[in-house]
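See below for the structure under consideration.
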Amino acid sequence: MNHDKDLTVSRIIKASRSAIWEAWKDPEHFVKWWAPAPVVTTSNKHEFFTGGGFDTTMTLEDGTVVEGGEGCFLEVVENERIVFTDALQGGWRPNEEAFFSAIITLAEHPEGTLYTATALHKNNEDRQKHADMGFMDGWGAAIEQLGKLAERLA
Amino acid sequence: MANYTSSLDTTFHALADPTRRAVIARLIMGEASVKELAEPFTMGLPSFMKHIKVLEQSGLIASEKVGRVRTCRLKPKQLALTENWLSEQRRLWEGRSNRLAEYVESLTSGEKPK
């Protein structure tokens, strides 16, 4: 973390880790929660193992079909951790475009499971170049300030 | 979407420089002339103007020349766009986590979590 294009969300799910795992593993479960209703998710490929590909299609209420493109599971550790990205497809074959990697972790919690999703977003080339040159200090603070200002002004 | 993304790239590029961030920070306090904005920096005016140009092209600021004075001000809409991009991603992931929770909890309701 600590990159300003990363984000983490976590919440407690009142269910066992294995129940949550099934909801990820089984495409029939997966399509029921991946996109918000009334969007209908169709799973075209769901190879739930390290290096496996996954591919979904979303159908919007008005019939518009949105192809998700094929992504890749980078790490699948039962009941613990799922890492996936849109930078690669199944078999670790590179995609043209990359936008994010996501890390899902499941941890035992007295009330069930602590579910955490961290999304790491692509640094554009310029940003990376500047980071390499040590120009990025203060970036986070700047964005935060700007964001707050923008909210006030919007 | 492509336009939206390229506009964001331009915005992030514009903000990825300490001089330009300092200019933005100054303009948050109110509009200022290029001369005033350039004062804290040791670089020459032509170099400084390049930074102003990048900020203008990104849509983060606008400038207007009256007589011999060019005055710069912030354009809040582009800043809002920058903020919205991350907020949107956050909403997406929060939504997914919540739907997963509801779904799994509805499947397993009555069962005691192991």
Side-chain angles (χ1 to χ4, degrees), chain A residues 4-20 22-24 29 32-37 99-100 102 104 108-113 115-119 121 123-127 129-131 135-139 141-154, chain B residues 1-2 5-6 8-25 27-29 54 58 60 73-114:
Chain A
D4 316 291
K5 289 187 172 183
D6 300 349
L7 61 88
T8 296
V9 304
S10 53
R11 60 161 294 161
I12 290 156
I13 299 180
K14 295 189 177 82
S16 64
R17 290 191 299 166
S18 58
I20 298 166
E22 280 305 310
W24 257 98
H29 288 312
K32 299 232 172 64
W33 59 267
W34 186 244
F99 178 61
F100 77 96
I104 308 290
E108 294 211 20
H109 186 276
E111 289 174 47
T113 302
Y115 180 87
T116 304
T118 302
H121 297 103
N123 294 323
N124 66 42
E125 275 176 20
D126 286 329
R127 186 169 183 269
K129 246 184 285 168
H130 283 279
F135 277 170
M136 293 309 294
D137 297 345
W139 170 279
I143 289 280
E144 200 176 325
Q145 278 174 5
L146 295 174
K148 279 183 188 150
L149 173 85
E151 274 175 357
R152 264 209 329 269
L153 296 177
Chain B
M1 186 63 201
T5 309
S6 91
L8 278 173
D9 283 349
T10 315
T11 306
F12 278 112
H13 169 71
L15 288 169
D17 175 274
T19 302
R20 295 198 286 269
R21 283 200 299 273
V23 169
I24 295 284
L27 290 176
I28 284 175
M29 295 186 283
V54 171
S58 73
L60 285 165
R73 60 178 175 80
L74 281 184
K75 284 172 75 182
K77 197 178 153 209
Q78 189 64 26
L79 293 179
L81 191 65
T82 311
E83 166 71 2
N84 288 346
W85 174 82
L86 263 186
S87 320
E88 261 175 43
Q89 293 303 316
R90 177 168 291 281
R91 272 198 296 278
L92 175 79
W93 286 97
E94 277 171 357
R96 259 176 207 161
S97 304
N98 292 340
R99 287 190 300 275
L100 172 65
E102 278 165 30
Y103 181 68
V104 175
E105 284 168 8
S106 76
L107 284 184
T108 59
S109 62
E111 264 178 50
K112 207 168 175 262
K114 280 167 270 191

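Below, chain A is the first sequence line, B the second, and so on; all start at residue 1. Hydrogens, waters and symmetry mates play no part in the numbers below; they use all other heavy atoms, side chains included.
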Problem - Distance under 6.0 Å and angle within 45° of ring axis: Arg96(B) vs Trp34(A) - result: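 Judged by the rule, Arg96(B) and Trp34(A) form a cation-pi pair.
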Problem - Donor-acceptor contact present, side-chain Arg90(B) to main-chain Thr8(A), <3.5 Å - result: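 Such a contact is found between Arg90(B) side chain and Thr8(A) backbone.
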Problem - Option that, when pairs with chain B are counted at under 4.5 Å, heavy atom only, ranks first among Glu22(A), His29(A), Lys32(A) - result: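 Answer, by heavy-atom pair count under 4.5 Å with chain B: His29(A).
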Exercise for the section: Please report the shortest heavy-atom distance between Glu105(B) and Lys14(A), naming the atom on each side. Expected result: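 In terms of heavy atoms, the two residues are closest at OE2-N, 2.7 Å.
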Practice task
Nearest 0.5 Å please: distance from the CH2 atom of Trp33(A) over to the OG atom of Ser97(B).
Solution key: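 Between atom CH2 of Trp33(A) and atom OG of Ser97(B) there are 8.0 Å.
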Handout entry: Spacing of Tyr115(A) atom OH and Asn98(B) atom CG [to the nearest 0.5 Å]
Key =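 So the OH of Tyr115(A) and the CG of Asn98(B) are separated by 10.5 Å.
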Handout entry: Atom group of His109(A) that falls short of 4.5 Å from chain B, counting heavy atoms
Key =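 For His109(A), neither part sits under 4.5 Å from chain B.
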Handout entry: Side chain, backbone, both or neither of Ile12(A) within contact of chain B (heavy atoms, under 4.5 Å)
Key =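 Interface part for Ile12(A): backbone (N, CA, C, O).
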Problem - Trp93(B)/Ile104(A) under side-chain contact (heavy atoms from CB on, under 4.5 Å): CA gap, chis, key distance, verdict - result: CA-CA 11 Å; Trp93(B) 286 97; Ile104(A) 308 290; 4.1 Å; yes
Problem - Non-hydrogen side-chain atoms of Ile20(A) and Tyr103(B) separated by less than 4.5 Å - result: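 No. Closest side-chain heavy atoms not under 4.5 Å.
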